[in-house]
Amino acid sequence: NEYFVINSGDLPYGDGKYYASIKVFDNRGGYSEYFNPVEFILDTKSPEITINGIKEDDVFINKASANISVYDNNLKSVIQKVDNTNYSNGEIISNIGTHLFEITAEDFAGNTSMKEIHFTITNIAPVFQNKIIITGAENNKYYSNDIRLVITYEGDFVEKSAEINN
């Protein structure tokens, strides 16, 4: 009896579907029929989870929702939960408090992925605590030369813009 091994790293095309069969030749030119053909799938990659609508530590007023997509060529299962309760894409979450979003995906090869996102729902609108400081000009003062305005933003701004009207 002779044995040989083909490691998955030796397969010519990486992940994918493979067919293997053996045909044996002897030194007189005789040969066997194909023995035990085998079809198998090599899958070394975990499912890719994408979450839209909620990010880690987000704060929402009154409600939140998310859409989850999972990509894998051989996807077996996806479990989506909020606070240990099953969640469906686009479902509105409105319970006030801190929440945990858990997504687990598994493919048929046993590769798994998991994502957790913590977020909060409140019924209190945030107080604007940012500060904008303009220097280089005084209110209702006349200038005969060019001036240089300096605008300083202090705080966490999503967007910054300045406008000067005539």
Which ILVMFWY residues are connected to I41, directly or by a chain of links, through side-chain heavy atoms under 4.5 Å apart?
none
How is the hydrophobic cluster of I133 composed, in terms of its other members, when Ile, Leu, Val, Met, Phe, Trp and Tyr link through side-chain heavy atoms under 4.5 Å apart, directly or indirectly?
none
Tell me whether L75 is reachable from I49 by hopping between hydrophobic residues (I, L, V, M, F, W, Y) whose side-chain heavy atoms are closer than 4.5 Å.
yes
Examine V150 and I134 and state if one hydrophobic cluster contains both, with Ile, Leu, Val, Met, Phe, Trp and Tyr joined whenever side-chain heavy atoms are less than 4.5 Å apart.
no
Calculate, to the nearest 0.5 Å, the distance between atoms [atom1] and [atom2] belonging to [X] and [Y] respectively.
X	Y	atom1	atom2	value
S69	N67	OG	CG	8.5 Å
H99	I96	NE2	CD1	7.0 Å
I79	M114	CD1	CE	10.0 Å
Q80	E91	CD	CD	9.5 Å
K81	L100	NZ	CG	11.5 Å

What is the minimum heavy-atom distance between D107 and K45, and which atoms define it?
OD2-O, 3.1 Å
Steps toward side chain to side chain donor-acceptor pair (under 3.5 Å) verdict (Y87, N89)
CA-CA 7 Å; Y87 178 82; N89 272 351; 6.0 Å; no
Given 3.5 Å as the limit, does a donor-acceptor pair link the side chain of N111 with the main chain of D43, or not?
yes
Is there a donor-acceptor contact under 3.5 Å from the side chain of Y143 to the main chain of I147?
no
Flag side-chain contact, heavy atom, 4.5 Å: [X] against [Y]:
X	Y	answer
I103	E116	no
T50	E48	no
F119	I93	yes
F101	I68	yes
F108	K76	yes
T112	P47	no

Please list, one pair per line, the donor and acceptor atoms closer than 3.5 Å that link side chains of residues 51-66 to other protein atoms, with sequence neighbours excluded.
residue: E56; atom: OE1; partner: H118; partner atom: N; Å: 3.0
residue: E56; atom: OE2; partner: H118; partner atom: ND1; Å: 3.0
residue: D58; atom: OD2; partner: K55; partner atom: N; Å: 2.8

Have Y71 and N73 got a donor and an acceptor in their side chains that come within less than 3.5 Å?
yes
